[in-house]
Amino acid sequence: MAGPYSPTILDHFKNPRNRGALATPTVSQEGSNPLCGDRVRIELALEGDVVVDARFTANACAICVASSSMLTELVRGAALEDVETLSVPELITQLKSEIPASRLACVRLPLTVLHTGLLRYTRSR
């Protein structure tokens with residue numbers, strides 16, 4: 001692992017995957033970190049209990065954008081039960097970075113937004 005700006009983080013920041021909006025998302029949730037100003041929206045298209053597409057938009061720092069990008073890659077094709085249990089340590093492992101405690105909120109924000117959106121979705125069914 002490298003420091004907070006590993007090659008994986010830099011790649012996902014400079015070449016984000018799944019950036020943009022879905023035409024008709026099943027789940028759409030936005031959140032922000034008022035301390036730093038990061039803002040993220042996660043959108044999912046579901047078929048049954050499977051994520052068939054995932055997109056994000058973000059006005060955020062490099063770590064948060066990379067985390068959003070990686071997260072959408074991880075959830076595409078995944079069952080909701082697996083998506084609901086994704087954790088910050090798993091996301092950090094995928095980012096191949098040593099994220100300092102002061103920047104954990106940058107990784108956590110997209111995951112929190114995703115989990116909040118799924119919780120709202122499951123409660124409304």
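What's counted below: heavy atoms across the whole structure, side chains too, no hydrogens, waters or symmetry copies. Model, not experiment: these values are computed from the prediction.
- Taken to the nearest 0.5 Å, the CG atom of L109 stands 7.5 Å off from the SG atom of C36.
- At a threshold of 4.5 Å between non-hydrogen side-chain atoms, the residues L44 and Y121 do not count as touching.
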Stepwise side chain to side chain contact (heavy atoms under 4.5 Å, CB included) test for E84 and L119 | CA-CA 9 Å; E84 291 168 345; L119 184 61; over 6 Å; no
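- R76 is not listed as a side-chain neighbour of V50, based on a closest heavy-atom distance of 4.5 Å or more.
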Side chain to side chain contact (heavy atoms under 4.5 Å, CB included) between V51 and V83: does it pass, once the steps are laid out?
-> CA-CA 9 Å; V51 177; V83 174; 4.1 Å; yes
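- Screening residues 61-74 for side chain to side chain donor-acceptor pair (under 3.5 Å), with sequence neighbours left out, gives H12-S69, N18-T72, N18-E73.
- With no hydrogens or angles considered, a side-chain donor-acceptor pair links E90 and S87 at under 3.5 Å.
- Within the model, atoms NE2 of H115 and CD1 of I42 stand 10.5 Å from one another, a figure rounded to the nearest 0.5 Å.
- Contact annotation: the side chain of P110 never approaches that of V113 to less than 4.5 Å [non-hydrogen atoms, C-beta and beyond].
- Heavy atoms only, all atoms of each residue included: A45 and T26 are closest at CA-OG1, 3.6 Å.
- Under the 4.5 Å side-chain heavy-atom criterion for Ile, Leu, Val, Met, Phe, Trp and Tyr, L114 and V88 are members of the same hydrophobic cluster.
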Decide side chain to side chain contact (heavy atoms under 4.5 Å, CB included) for L71 and L86; before the verdict, give the C-alpha distance in whole Å, the side-chain angles of both, and the deciding distance to 0.1 Å.
-> CA-CA 9 Å; L71 183 61; L86 277 173; 3.8 Å; yes
Report the C-alpha separation of I9 and I99 in whole Å, then their side-chain angles, then the decisive distance to 0.1 Å, and conclude whether the side chain to side chain contact (heavy atoms under 4.5 Å, CB included) test is met.
-> CA-CA 11 Å; I9 286 202; I99 306 294; 3.9 Å; yes
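- Side-chain heavy atoms closer than 4.5 Å link hydrophobic residues (I, L, V, M, F, W, Y) into clusters, and following such links, possibly through other members, connects L80 to F56.
- Considering every non-hydrogen atom in both V65 and A60, the closest pair reads CG2-O, 3.7 Å.
- Within 6.0 Å of the CG atom in D82, the count of heavy atoms belonging to other residues, nucleotides or ligands exceeds 12.
- Listed by first and then second residue, the salt bridge (Lys or Arg N to Asp or Glu O under 4.0 Å) pairs involving residues 28-51 are E30-R39, E30-R41, D49-R125 (not counting sequence neighbours).
- Taking OG of S97 as the reference point, atom CZ of R103 lies at 11.0 Å (rounded to 0.5 Å).
- The OH atom of Y5 lies 4.5 Å from the CD1 atom of I63; values are rounded to the nearest 0.5 Å.
- Two residues are said to be in side-chain contact when any heavy atoms from C-beta on lie closer than 4.5 Å; Q29 and V40 fail this criterion.
- In this structure, L91 CG and L95 CG are separated by 5.0 Å, a value rounded to the nearest 0.5 Å.
- The residues K96 and D11 are annotated as not salt-bridged, no charged nitrogen and carboxylate oxygen being separated by less than 4.0 angstrom.
- Atoms CG and OG1, on L118 and T116 in that order, are 9.0 Å from each other to the nearest 0.5 Å.
- Listed by first and then second residue, the salt bridge (Lys or Arg N to Asp or Glu O under 4.0 Å) pairs involving residues 61-71 amount to none (not counting sequence neighbours).
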